[in-house]
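The block underneath contains the structure these notes are about, expressed in structure tokens.
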Amino acid sequence: MLSFIPFIVLIALITCCVAVFGNATLDGASQVSLLVASAVSVLIGHFSKRVTWEELEREITAKIATCTPAVIILLLIGAIGGTWMVSGIVPTMIYYGMQILRPEIFLVSSSLLCALVSLMIGSSWTTVATIGVALMGIGKAHGFDDGWIAGSIITGAYFGDKLSPLSDTTVLASSVSGVPLFTHIRYMMYTTVPTFCLSLTIFLVAGLTMTVEGQGTVGEFMEGLQHTFVISPWLLLVPVLTGIMIARRWPSMVVLFFSILLAVFVALTVQSHLVHQIAGDAGGALLSSYKGMMQVCYGATAIATGVPMLDELVHTSGMAGMMPTIWLIICAQTFGAALTATGQLRDLMHLVLRFARGTASLIASTVGFGVTCNIVLADQYLSIMLSSSMFKDTFQERGYEQRLLSRSCEDSATVTSVLVPWNTCGLTQSTVLGVATLTYLPYCFFNLLSPVTSIVVAATGWKIKKLEIRN
């Protein structure tokens with residue numbers, strides 16, 4: 001019973017944080033809550049199980065050390081987000097992607113567009129808060145129901161976020177499970193792509209039965225992009241080369257690093273006017289280029305396009321924007337280490353695993369735990385990390401590949417967070433889109449079906465291999 005106390009404390013603190021801080025919970029309140037819950041776990045372990053501080057310190061140090069690759073990758077992701085935006089690569093993708101929008105296929109097009117943008121920038125939040133807001137306005141003008149519009153936007157945004165190597169949740173799920181990033185992404189495709197295709201089919205059928213007209217905001221966005229950036233299909237060579245590196249299974253850090261270098265080269269040669277604008281008065285073209293690109297990599301950049309919503313889309317935060325996530329990872333790993341060292345995590349696992357005997361039931365337990373964490377902890381990052389920590393050893397002991405664990409965490413904790421009204425994701429997206437969570441929930445087909453698909457695929461045994469257990 002004592003093992004539940006740290007979780008109860010954490011749930012209570014996170015609930016208060018969401019109520020008080022709202023969308024700003026991840027700016028520090030969640031991290032403090034994790035450290036307080038860690039302290040509670042340490043106290044219980046010390047006085048009830050006689051765990052020494054030296055043991056706790058060793059476990060915490062080892063746990064945090066495992067996150068070092070994730071921290072480096074997150075910093076590179078921050079840099080690539082800035083360089084790909086300022087170089088015009090992402091704006092070019094958005095520009096050509098918008099041209100697929102047609103009134104009669106608005107729902108499926110908006111979902112595809114959000115998927116494309118989210119895949120390129122690695123952020124469902126940014127996609128929803130920018131291009132998603134524009135699509136809400138277009139959809140309302142067409143006469144679509146708010147729930148359908150928001151559902152198509154969220155479906156696409158979370159699909160792209162889930163498969164993007166730039167996504168912090170994707171990096172987090174792979175790193176805490178001990179799976180190489182691109183191995184994790186490739187394995188997710190077996191459940192993610194069929195679910196997304198089914199969702200698109202639903203949106204296509206629904207959209208073809210509705211009468212729609214008008215695309216004013218799309219034209220405004222396209223004009224703003226053309227006015228601000230040099231838009232050219234040649235810029236798409238960078239994502240193509242990145243895709244080739246991924247296909248050749250280069251290490252994720254190497255891929256990200258070379259992608260940054262390519263984007264820096266493009267920015268300096270094609271979008272030099274923007275680089276100098278970001279640098280300000282730096283005293284000379286060479287110094288201005290150096291200062292501008294350094295700032296794009298590590299800091300925030302704001303580019304005026306003349307369209308307020310588009311300004312939000314092209315705004316980047318660089319490496320500095322990744323610091324709250326890195327901070328959260330360190331605090332969450334501290335909490336997980338405290339639970340592990342004191343044996344509290346093992347006690348909780350015994351209760352859960354009584355009902356998980358076969359492959360399907362183990363995956364169902366993992367998926368169910370991820371969804372439950374989203375409901376009670378109100379944060380997808382915590383849900384991903386706790387799900388992985390809870391089941392990692394069990395997957396290994398039973399001979400299952402760790403990529404099965406990382407996929408199960410993503411199929412549940414990542415995508416269902418937006419369906420919970422008090423979760424940071426649900427709270428953010430409902431506020432940004434102006435649509436109540438329970439209004440768009442029935443239309444977020446990808447998010448609803450992903451946990452189910454994960455369990456069904458596990459039950460069939462498709463692409464699920466057991467490793468040899470060596471004594």
Side-chain angles (χ1 to χ4, degrees), residues 3-44 60 63-64 67 70-71 74 123-126 128-129 154 158 161 167-169 171-173 176 317 320-339 344-345 348 369-390 409 412-434 436-438 441 447:
S3 299
F4 285 98
I5 294 179
F7 281 97
I8 295 171
V9 171
L10 182 59
I11 291 168
L13 289 173
I14 293 294
T15 301
C16 293
C17 289
V18 172
V20 174
F21 296 99
N23 297 342
T25 300
L26 294 180
D27 291 343
S30 292
Q31 290 88 328
V32 174
S33 300
L34 279 164
L35 291 180
V36 172
S38 300
V40 172
S41 176
V42 168
L43 288 173
I44 293 173
I60 292 171
K63 203 81 169 178
I64 293 177
C67 292
V71 170
L74 284 171
S123 173
S124 58
W125 284 33
T126 301
V128 172
I154 290 171
Y158 276 78
D161 185 297
S167 168
D168 50 4
T169 54
V171 174
L172 179 61
V176 296
S317 301
M322 292 295 154
M323 294 313 296
T325 302
I326 293 171
W327 182 14
L328 181 69
I329 290 173
I330 293 173
C331 293
Q333 290 295 81
T334 300
F335 180 58
L339 292 175
Q344 294 163 358
L345 190 62
L348 294 172
F369 185 80
V371 175
T372 302
C373 283
N374 268 330
I375 295 172
V376 298
L377 298 179
D379 182 75
Q380 65 175 348
Y381 296 100
L382 298 180
S383 301
I384 291 170
M385 287 184 281
L386 287 179
S387 296
S388 179
S389 297
M390 285 282 287
C409 291
S412 56
T414 297
V415 299
T416 60
S417 56
V418 72
L419 306 178
V420 182
W422 53 86
N423 190 289
T424 51
C425 291
L427 184 63
T428 298
Q429 311 308 11
S430 63
T431 301
V432 168
L433 295 177
T437 307
L438 297 181
L441 186 152
N447 308 70

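Everything quoted here is computed from the prediction, not taken from an experiment. The figures here come from the full heavy-atom set of this structure, side chains too, leaving out hydrogens, waters and symmetry mates.
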Carefully, step by step, assess Ile154 and Leu433 under the rule side chain to side chain contact (heavy atoms under 4.5 Å, CB included).
CA-CA 10 Å; Ile154 290 171; Leu433 295 177; 4.2 Å; yes

List in chain and number order the residues that pass side-chain hydrogen bond (donor to acceptor under 3.5 Å, both in side chains) with Thr334, two or more places apart in sequence or in another chain; answer none if no residue qualifies.
none

With a 4.5 Å cut-off on side-chain heavy atoms, are Cys425 and Tyr158 touching?
yes

Is the shortest side-chain heavy-atom distance between Ser30 and Phe21 below 4.5 Å?
no

Tell me yes or no: between the side chains of Thr414 and Asp161, is some donor less than 3.5 Å from an acceptor?
no

As an exercise, state the distance from CD of Gln380 to CG of Leu172, rounded to the nearest 0.5 Å.
9.0 Å

Closest heavy-atom pair, Phe369 versus Ser387, reported as atoms and distance to 0.1 Å, is CD2-OG, 3.5 Å

If I take atom SG from residue Cys409 and atom CD1 from residue Ile384, how far apart are they, to the nearest 0.5 angstrom?
7.5 Å

Contact check, side chains of Ser389 and Leu339, non-hydrogen atoms, under 4.5 Å:
no

Ignoring hydrogens and geometry, is there a side-chain-to-backbone donor-acceptor pair from Gln31 to Ile330 under 3.5 Å?
no

Distance in Å, Met385 CE paired with Cys373 SG, rounded so as to fall on 0.5 Å steps
11.0 Å

Set of side-chain hydrogen bond (donor to acceptor under 3.5 Å, both in side chains) partners for Thr416, sequence neighbours left out:
Asn374

So, taking the atom named CG in Leu419 and the one named OG in Ser430, what distance separates them when rounded to the nearest 0.5 Å?
11.5 Å

Nearest-0.5 Å distance, OG of residue Ser417 to CG of residue Asn447:
8.0 Å

If you take all heavy atoms of Ala37 and Pro6, which pair is closest and at what distance?
CB-O, 3.8 Å

Does the side chain to side chain contact (heavy atoms under 4.5 Å, CB included) test come out yes or no for Leu10 and Leu34, once each step is laid out?
CA-CA 7 Å; Leu10 182 59; Leu34 279 164; 4.0 Å; yes

